[in-house]
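See structure below.
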Amino acid sequence: MNKIIVANLKMNLNYNEALNYGDILRKYNYDNIIVCPSNIHIDLMHKYGVVVGAQDAYYLNKGAYTGEVSFYQLKDLVKYCIIGHSERRTLFNESNEIIKDKIASCFFNKIIPILCIGETKEEYDNKKTFEIVEEQIKDLNISGEIIIAYEPVYSIGTGIIPNDDGIDNVHTYIKKRFKEIYNIDIKVLYGGSVNLDNCKDICNIESVDGLLIGGASIDVNNLIEIYKKVNL
Ligand code: 13P
């Protein structure tokens, strides 16, 4: 089974760069690469045949919400949406409650949520990792496929990565809890400082079903090299 490679492009590419990105990627036509560009580039990636995810959306379907884009508006263009990324939680004050509404809206609109969870450095130091993860995954209303991305907050963009056991223990815990609480088997991706050097080792951990990549995915050729190293 191929590992899933998700590129979270965040707020990086401009229009021409996005065109180039999609154009290069479509020539490879790999299974299991999901690209999450800015909303303004979703349509062009979709037209290039790239499997697309959004980075976030608003939980109501339509109405007077200037500046927002809803899952309902995205549903014919994207298969996935990242939900609850730590940058949304910290910079845009997204609570677990709002995130639950967004997950519900994903299911309603037949978009697969990629729910990001993970602890801060302080929480890690205070041995609260499992407590935080439990808080982030409990009381969800699951009515379709969902993917979890474990992204320790202190790992994002820092070059600091938990050791293999650290990743494996949390991934195994998440899978066990989803089985116990919701009676479903789920895929868990790892995210945080993934690059070409460490991608293979991380993917060799059995409980890791794929990667959610930020900085190292901005260069499409680097993303392709990561995909090849992990899957070919
Ligand atoms: P980096 O890969 O840049 O650490 O970012 C990870 C991330 O936030 C992916 O969602």
Side-chain angles (χ1 to χ4, degrees), residues 3-13 17-18 21 25 32-39 41-42 45 50-57 78-94 96 99 102-103 106 111-121 123-124 129 132-133 136-137 146-164 166-167 170-171 174 186-203 205 208-230:
K3 304 278 180 176
I4 303 164
I5 305 293
V6 184
N8 178 7
L9 298 178
K10 308 193 181 182
M11 195 180 71
N12 282 296
L13 305 188
E17 289 163 345
Y21 198 102
L25 200 54
N32 283 337
I33 290 190
I34 301 160
V35 178
C36 304
S38 298
N39 283 346
H41 303 140
I42 284 176
M45 294 282 181
V50 173
V51 179
V52 187
Q55 297 176 13
D56 180 46
V78 307
K79 187 165 178 197
Y80 300 89
C81 186
I82 296 172
I83 304 289
H85 190 279
S86 76
E87 287 148 18
R88 303 283 332 158
R89 292 178 190 260
T90 53
L91 302 173
F92 300 96
N93 298 321
E94 276 192 20
N96 282 333
I99 288 163
K102 292 190 173 191
I103 291 173
C106 273
I111 292 171
I112 299 171
I114 301 174
L115 171 63
C116 297
I117 61 174
E119 80 282 33
T120 62
K121 178 75 171 62
E123 289 159 348
Y124 172 80
T129 299
I132 296 298
V133 164
Q136 291 170 330
I137 62 173
I146 182 168
I147 294 174
I148 300 298
Y150 172 53
E151 298 204 301
V153 179
Y154 58 89
S155 219
I156 297 175
T158 59
I160 302 166
I161 297 190
N163 64 25
D164 289 3
I167 295 175
V170 179
H171 280 225
I174 295 166
I186 51 152
K187 294 195 166 53
V188 182
L189 316 179
Y190 171 78
S193 294
V194 173
N195 59 36
L196 191 53
D197 290 333
N198 60 27
C199 60
K200 183 82 180 159
D201 288 342
I202 298 171
C203 279
I205 304 169
V208 172
D209 298 302
L211 303 167
L212 178 54
I213 310 171
S217 72
I218 295 171
D219 176 343
V220 66
N221 292 307
N222 200 53
L223 178 74
I224 289 163
E225 288 310 309
I226 290 175
Y227 179 90
K228 285 189 192 160
K229 199 162 173 184
V230 167

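Quick caveat: nothing in here was measured; it's all calculated off a predicted structure. Every number for a ligand or one of its atoms is a count from 1 in the order of the listing.
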Under 4.0 Å to a heavy atom of N8 - the qualifying atoms of ligand 1, by number: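 Ligand 1 atoms under the 4.0 Å threshold to N8: 9 (C), 10 (O).
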
G157 touching ligand 1 at heavy-atom level, < 4.0 angstrom: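 So G157 counts as touching ligand 1.
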
G192 heavy atom under 4.0 Å from ligand 1: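 In this structure, G192 qualifies as a contact of ligand 1 - some heavy atom is under 4.0 Å.
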
When you compare ligand 1 with [X], is there at least one nitrogen or oxygen pair between them that comes in under 3.5 angstrom?
X    : value
H85  : yes
L212 : no
G214 : yes
K10  : yes

Over 12 non-hydrogen atoms of neighbours within 6.0 angstrom of NZ in K187: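 Count not over threshold, so no.
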
K79 atom NZ, neighbour heavy-atom count above 12 within 6.0 Å: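 No, the 6.0 Å shell around NZ holds no more than 12 heavy atoms from other groups.
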
Interatomic spacing from CD1 in I146 to CD1 in I148 - rounded to 0.5 Å: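 Going from the CD1 atom of I146 to the CD1 atom of I148 covers 4.5 Å.
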
Nearest heavy atoms of C81 and I111, plus distance in Å: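 Heavy atoms of C81 and I111 come nearest at N-CG2, 3.6 Å.
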
Nearest heavy-atom neighbours spanning L189 and L212: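 What the structure gives for the nearest pair is CB-N, 4.3 Å.
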
Polar side chain donor-acceptor pair, E17 to H41, under 3.5 angstrom: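 No, because no side-chain N or O of E17 sits under 3.5 Å from a partner of the opposite role on H41.
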
Part of I156 within contact of ligand 1 (heavy atoms, under 4.0 Å):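 The answer is both, backbone and side chain.
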
S86 side chain near Y154 side chain, heavy-atom distance below 4.5 Å: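 In short, these two side chains do not touch, never coming nearer than 4.5 Å.
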
Selection from S217, A149, G215 by shortest heavy-atom distance to atom 1 (P) of ligand 1: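 Residue with the shortest heavy-atom distance to the ligand atom: G215.
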
Nearest neighbour in protein (non-hydrogen) for atom 7 (C) of ligand 1: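 That would be E151 OE2, 3.1 Å.
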
